[in-house]
Visitor: 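Before anything else, here's the structure in question.
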Amino acid sequence: MNQFFATCPRGLEAVLAQELVALGATHAKATDGGASFTGSMALCYRVNLESRVASRVLWQIDSAPYRIEEDVYQRARSLPWEDWFTPHDTIAVKVTAQRCQLKSLEFITLRIKDAACDHFRDLTGIRPSVDTKLPDVRIHAYFDAQQFTLYLDTSGETLFKRGYRQFTGEAPLRENLAAGILKLSGWEPGMPLLDPMCGSGTFVLEAALMALHIPPGINRPFGFERLKNFERSVWEQMRAEAADQVLPATPLPIYGSDIDKWAVIDANKNLENAGLSKVATVVEQDILDITAPATSGVLVMNPPYGERIGEADELAELYPKLGSVLKQRFAGWKVGILTADTRLPKLMRLKPSRKIPLFNGPIECRLYLFEMVAGSNRG
Ligand SMILES: C[S@@+](CC[C@H](N)C(=O)[O-])C[C@H]1O[C@@H](n2cnc3c(N)ncnc32)[C@H](O)[C@@H]1O
């Protein structure tokens, strides 16, 4: 049994833990910024391949108490690094911490790198080189007040880089945040979905991937492929089986629209890249002109953040009108709106059924959920 930690956008930890259990993880436990779990290396491959919410999957290789930098260096130097990779692999070390007792995280990052390199030099005469951009092996260290934990990153590039989205306009959402929001909004494959401020189409694309059972990582490489314990046959069989589950690309009730024609062009190019042009429809339209494409479904969106000069005022004018559009035309729908603008529910004159704190990168947002029942949402 191995111990893992999957990271995710803050606010999605519980959604991630549920997803991990569904993928076969044991002891999945949500904590700040992610969820810990146990399982086999094959499970680790599966989580990398199929999790829609995780950002990275870290494999724990050691955990020990520390007081000073030297404790960390000596402990890290004693680890059997040669069991995991070779001195010809390039490495990068990343440190994160909460209430860490050490003075400089930069310095301890260097000391952990030195520890692994010195270990290999003593053993083989060769020191691995550092490559901070595209290393073969990424080492993560997490420090709390008394304990530090070392991990090898089994993901490589972050998992929200699915590889299909090349065109992005204004403030695109990370794919895993969009996938988590779809789950929190109550959307499930088979239900109609509409994003009337779709930008580069992240919600639309993630929904189409889910609906067709396309694993988000089906076309990308992973960090675990670089590790010595990599079992290629297990991985290739798993990926082939997942590919067999993919449904044919047929038109589904997944819709996006945006007032900006360039955003619509980007979203359509991204759908095409992902082989999903046939599946979802994205058109140019002002949100005030939208109509419900079905009698019930889920509407999700993330409006502009109001950072451009004058934009906050424009939004304050738009929200009451948007509230009316939703009340008049979307009875029977669930609505999920991600925004950092806390004025939104009042200005829309709608009472949210839930407010979920979520971080879009460093920006603290809320996901406001509304149940549109005709005439009963007055805030
Ligand atoms: C923050 S971006 C959405 C980003 C998107 N979720 C993504 O991942 O790419 C907000 C979008 O709202 C669009 N927008 C602003 N006002 C609009 C309106 N009145 N009707 C429709 N779309 C509008 C903008 O063009 C922009 O693409």
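Atoms within a ligand are numbered from 1 in the order they appear, just like the ligands themselves.
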Visitor: Give me the nearest non-hydrogen protein atom to atom 15 (C) of ligand 1 as residue plus atom name, then the distance to 0.1 Å.
Guide: Pro304 CG, 3.7 Å
Visitor: Can you classify the ring geometry of Tyr45 versus Phe224 as parallel (below 30°), tilted (30 to 60°) or perpendicular (above 60°)?
Guide: parallel
Visitor: Does ligand 1 have an atom under 4.0 Å from some heavy atom of Met301?
Guide: no
Visitor: Judging by distance only, is a nitrogen or oxygen of Leu318 under 3.5 angstrom from one on ligand 1?
Guide: no
Visitor: Between OG1 of Thr202 and CZ of Arg162, what distance do you get to the nearest 0.5 Å?
Guide: 10.0 Å
Visitor: So, for Phe5 and Phe37, is the gap between ring centers shorter than 6.0 Å?
Guide: no
Visitor: With ring pair (Phe, Tyr, Trp, His ring centres under 6.0 Å) as the test, would you mind laying out the steps for Tyr142 and Tyr151 before giving the verdict?
Guide: CA-CA 8 Å; Tyr142 173 74; Tyr151 300 94; 7.6 Å; no
Visitor: Are any of the N/O atoms in Asn302 less than 3.5 Å from those in ligand 1?
Guide: yes
Visitor: Give a yes or no on whether a salt bridge exists between Asp153 and Lys94, defined as a side-chain N under 4.0 angstrom from a carboxylate O.
Guide: no
Visitor: Starting from atom 14 (N) of ligand 1, what is the nearest protein heavy atom, named by residue and atom, and what distance separates them?
Guide: Ile259 CG2, 3.8 Å
Visitor: More than 12 foreign heavy atoms under 6.0 Å from CZ of Arg174: is that the case here?
Guide: no
Visitor: In ligand 1, which numbered atoms sit nearer than 4.0 Å to a non-hydrogen atom of Cys198?
Guide: 5 (C), 7 (C), 9 (O)
Visitor: I'd like to check whether Ile287 has a polar contact with ligand 1, where a contact means an N/O of the residue lying under 3.5 Å from an N/O of the ligand.
Guide: yes
Visitor: Which of the atoms in ligand 1, numbered in the order shown and given with their element, are less than 4.0 Å from a heavy-atom of Pro172?
Guide: 7 (C), 8 (O), 9 (O)
Visitor: For atom 7 (C) of ligand 1, what is the nearest protein heavy atom, given as residue, atom name and distance?
Guide: Thr202 OG1, 3.4 Å
Visitor: May I ask you to check whether over 12 heavy atoms, not counting those of Arg127, lie within 6.0 Å of atom CZ?
Guide: yes
Visitor: Hey, can you tell me if Phe85 and Phe120 have their rings parallel, tilted or perpendicular (30° and 60° cut-offs)?
Guide: tilted
Visitor: How far is atom 12 (O) of ligand 1 from the closest protein heavy atom, and which atom is that?
Guide: Met197 CB, 3.5 Å
Visitor: Show me which atoms of ligand 1 lie under 4.0 Å from any heavy atom of Asp260.
Guide: 25 (O)
Visitor: Is the shortest N/O to N/O distance between Asp286 and ligand 1 below 3.5 Å?
Guide: yes
Visitor: Near Pro303, which atoms of ligand 1 are under 4.0 Å from a heavy atom of that residue?
Guide: 1 (C)
Visitor: Pro196 heavy atoms, cut-off 4.0 Å: which ligand 1 atoms fall inside?
Guide: 21 (C), 22 (N)
Visitor: Could you go step by step and tell me if Leu150 and Gln60 meet the side-chain contact (heavy atoms from CB on, under 4.5 Å) rule?
Guide: CA-CA 6 Å; Leu150 288 170; Gln60 184 174 321; over 6 Å; no
Visitor: How close does the nearest protein non-hydrogen atom get to atom 27 (O) of ligand 1, and which residue and atom is it?
Guide: Asp258 OD2, 2.7 Å
Visitor: Do the charged groups of Glu82 and Lys228 touch, with an N to O distance under 4.0 Å?
Guide: no
Visitor: Could you give the distance from CE (Met301) to CZ (Phe203), rounded to the nearest 0.5 Å?
Guide: 10.0 Å
Visitor: Return the closest protein heavy atom for atom 2 (S) of ligand 1 as residue, atom name and distance.
Guide: Glu170 O, 3.7 Å
Visitor: Any idea which protein heavy atom is nearest atom 9 (O) of ligand 1, and the distance to it?
Guide: Ser200 OG, 2.6 Å
